[in-house]
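In what follows, every chain begins at residue 1, and chains take the letters A, B, ... in the order their sequences are listed.
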There are 2 protein chains.
Amino acid sequence: MALKVDQGTAKALNRRLALNLLRREGGLSRGELAAKTGLSNAAITGLVSELIEEGFLKEGESTQSTGGRKPVLVELDYAARYSIGLKLMSDRVEAVLTDLSTEPLAATVVALSNVEPETVAEASRQAVQQLIPDSDLRSEKLIGVGLAMPGLIDVEHGVCRISHRFGWHNVPIASLLAEQVHVPVWVDNDVNAFAIAQQLFGAARRRSSALVLIIGTGVGSALIFHGQIHRGARFAAGEIGFAVDGGGLKTDTFANWSHRFSEPAIERQWAELCATSAGQKPVKLQEAAESGDPQAVELLGSIGRDIGIRLVGMIDLVDPEVVIVGGEAIRFGKALIDPMIEAVKQYSFEVPPPIEIDWENNIWSRGASALAIQKFFDFESADGVA
Amino acid sequence: MALKVDQGTAKALNRRLALNLLRREGGLSRGELAAKTGLSNAAITGLVSELIEEGFLKEGESTQSTGGRKPVLVELDYAARYSIGLKLMSDRVEAVLTDLSTEPLAATVVALSNVEPETVAEASRQAVQQLIPDSDLRSEKLIGVGLAMPGLIDVEHGVCRISHRFGWHNVPIASLLAEQVHVPVWVDNDVNAFAIAQQLFGAARRRSSALVLIIGTGVGSALIFHGQIHRGARFAAGEIGFAVDGGGLKTDTFANWSHRFSEPAIERQWAELCATSAGQKPVKLQEAAESGDPQAVELLGSIGRDIGIRLVGMIDLVDPEVVIVGGEAIRFGKALIDPMIEAVKQYSFEVPPPIEIDWENNIWSRGASALAIQKFFDFESADGVA
DNA sequence: AGACTTTTTTCACTTAATGAAATAAGATGG
DNA sequence: CCATCTTATTTCATTAAGTGAAAAAAGTCT
């Protein structure tokens, strides 16, 4: 429910406005900041000095004078604090310590013997301990811990409503972990976490809406509108992994996104292909595609096209400013991606939005770290679970 | 771009908050209003007396005392002002005069000899004139005119970017009309207008998100998030009419939503069916379905199921609080609707949101009227094109 | 060095909300 | 029927955040 706006919230909103402007545009003088926010110079003076006092902003170099006093650049001090990101996998917790720009400073991995909530919380505690052993430093400079996992997450209460992959049902994982690490903890769906990182410092940085598609262990998506994750009425927005497809007039053929398009599914299809074409010794799909193997190129092309066709439906529905595609399947390269983009261009209602491919290893845990960092740039639910 | 919040905008936001609370909940006492908005009693006293002075609120009957002074109910005075809605059709302009609750007070239709912007503007002027001949009354009590039409509309500038059905391209229809009627004019896509009406006083009244699906002359949709229409980066959100469908593994079969699912397309399929089944004299599809004709029930069932299957993809992506289905095809009744709902239930990822069917004749122009009314409940772009 | 220019800060003022106290209006009970 | 209690609404002094104008700071240019 929307709530009243008093002077306190108004101030917080203006603070967020200025911070996000600096995040998107880099260094700005106080005067530019005033012009771009619409606030008076006087107000900016006060706001900036508060933020400098808190350590989030620093004065940069003065730039060119235009015949008078040089403007003093003000910029975000990304090194001022740390954040920790934890990505839950079925067999391990991947952890990373980053600065406020999600730049990794250290990383570690803790193995999981099982996926019981207590086991996961204990492994997470160990990971945090390894990354910042000094508990004083933790309370001083660590802004919090972000936890990313597959499933439907109630981010406000820090509860995992449903995670099929972990077999969880209403697990208050944020508070379980917060009890152990004594810093604020935020949980979110892993694809949402990736999308937030893209929004803060990635391809969606200067855009207000985005559609994120992940082709990894499963297939999932995330939506950003007005610079905010759209989570849906039951935290299920973007859960396209199980979308059925009636196949035109043939309603009896249902193709499951994850079943055909996930990275494991693609590998499986390659294995089946290799098994049937006798005499050929099995080669890795990625290598085969890179060396131009016709069967591999054909398989990936067909899958890419089909993904593209489904992407068109999503684009036409929400009309995002940009589409960002990531996930482990990106490693299959152009053979998969180009036909996908081609299909989007061919079948879109209008000229489609730009499609950006962005993926690298360890990006999951950086996304998790962005969950905590986002709270600096975003005024809503700035409390986490502590 | 988001902008600063000063005391003026804060006040406007609080005013909006109170108005929307009253719209959703009906009459409330000042005390309840204070409790639900989070504002102090003192602030509510001031706010309410301003709104009463302006004529938008009135005091209602005092309710039951609970042992002390009776609370005085405050409610919206829907009769305080008028709004006019214009729905552009290819051969006519349908117009309705409503109160602030979109309740029709009078209606008229003006024929169009062609769809040139000037012709449309002139016909619209005539319609307004017929509904309120007295120009003094217009400037006093008419809050504005809402114009609904198919196509991509830049609502901020009142420009129709593209309308295939009218052959328009960047037509500043709002200012063309505003010049003639001398009241504020707002234009929007017709499906968006319908959705806004549903949000203000229909099935989405107490919800903050909704997915609206229209099966009419074409097939279109609208999205409401946070009580606001989601228009997309190029005003193209919801334009699913041309969505392609790769049909599972068979990428060569493309079924176009509008081509198979629009009301004319359904009629066409019935006509084809009647033509092939020799000896049978043609019966109207709606009548055939109502009388339980197996072929009609079968045809509508198959179409309904296919629509349902596609709806699942949309629901899984955006996870709306409610789905609202409307459009001229609703007249085909349960034979079409029930299989659609069945399919949604069968193939959804989670328990699907409630699906509400809401349609009646002349609803298009009431939706148009809601475009102007919405500006009272919504603080953004409250200026229109004047 | 003195005259401009441009940026940033200072300060008196305005506005909208707040909490506490006052007032209004009805209920209750002898 | 009057005194007292209860609940609803209004009044008022106070507070917080932003504004515009003027002052101060920090340059450039001749």
Should the ring pair Phe56(B) and Phe376(B) be called parallel, tilted or perpendicular, given that the plane angle runs from 0 to 90° and is split at 30 and 60?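 Ring orientation of Phe56(B) relative to Phe376(B): tilted.
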
Over 60° means perpendicular and under 30° means parallel, so classify the ring planes of Phe225(A) and His230(B), tilted if in between. tilted

Starting from [atom2] on [N], measure out to [atom1] on [X] and report it in whole angstrom.
X: Arg30(B); N: dT11(D); atom1: CZ; atom2: P; value: 11 Å
X: Glu50(B); N: dT15(C); atom1: CD; atom2: P; value: 13 Å
X: Leu73(A); N: dT7(C); atom1: CG; atom2: C1'; value: 12 Å
X: Leu13(B); N: dA16(C); atom1: CG; atom2: C1'; value: 13 Å
X: Asn41(A); N: dG20(D); atom1: CG; atom2: C1'; value: 10 Å
X: Leu47(A); N: dT10(C); atom1: CG; atom2: P; value: 15 Å
X: Leu33(A); N: dT6(C); atom1: CG; atom2: P; value: 20 Å
X: Ile44(B); N: dT9(D); atom1: CD1; atom2: C1'; value: 12 Å

Name the residue closer to the 5' end of DNA chain C, choosing between Gly68(A) and Gly68(B) according to the nucleotide with the nearest heavy atom.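 Closest to the 5' end, via its nearest nucleotide, is Gly68(A).
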
Are OP1 or OP2 of [N] and a side-chain N or O of [X] less than 4.0 angstrom apart?
X: Lys4(B); N: dT19(D); result: yes
X: Arg69(A); N: dT28(D); result: no
X: Asn14(B); N: dA16(C); result: no

Do the side chains of Arg207(B) and Glu356(B) get close enough for a salt bridge, i.e. N-O under 4.0 angstrom?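 Yes.
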
Before accepting this row, confirm whether a basic side-chain N of the pair Arg206(B)/Glu321(B) lies closer than 4.0 Å to the acidic partner's carboxylate O. no

Hey, which of these two, Lys70(A) or Gly31(B), hits DNA chain D nearer its 5' end, going by closest nucleotide?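 Nearest-nucleotide comparison on DNA chain D picks Gly31(B).
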
I want to verify a distance call: between dT15(C), dT19(D), dA17(C), whose nearest atom is closest to the Ala42(A) side chain?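 Selected nucleotide (nearest to the side chain): dT19(D).
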
Report which part of the nucleic acid [X] touches: base, sugar-phosphate, or nothing (heavy-atom distance under 4.0 Å, all strands).
X: Leu39(A); value: sugar-phosphate
X: Gly67(B); value: base
X: Thr45(A); value: base

If a pair satisfies side-chain hydrogen bond (donor to acceptor under 3.5 Å, both in side chains) and one of its residues is in residues 71-84 of chain B, list it, with sequence neighbours excluded. Ser83(B)-Ser369(B)

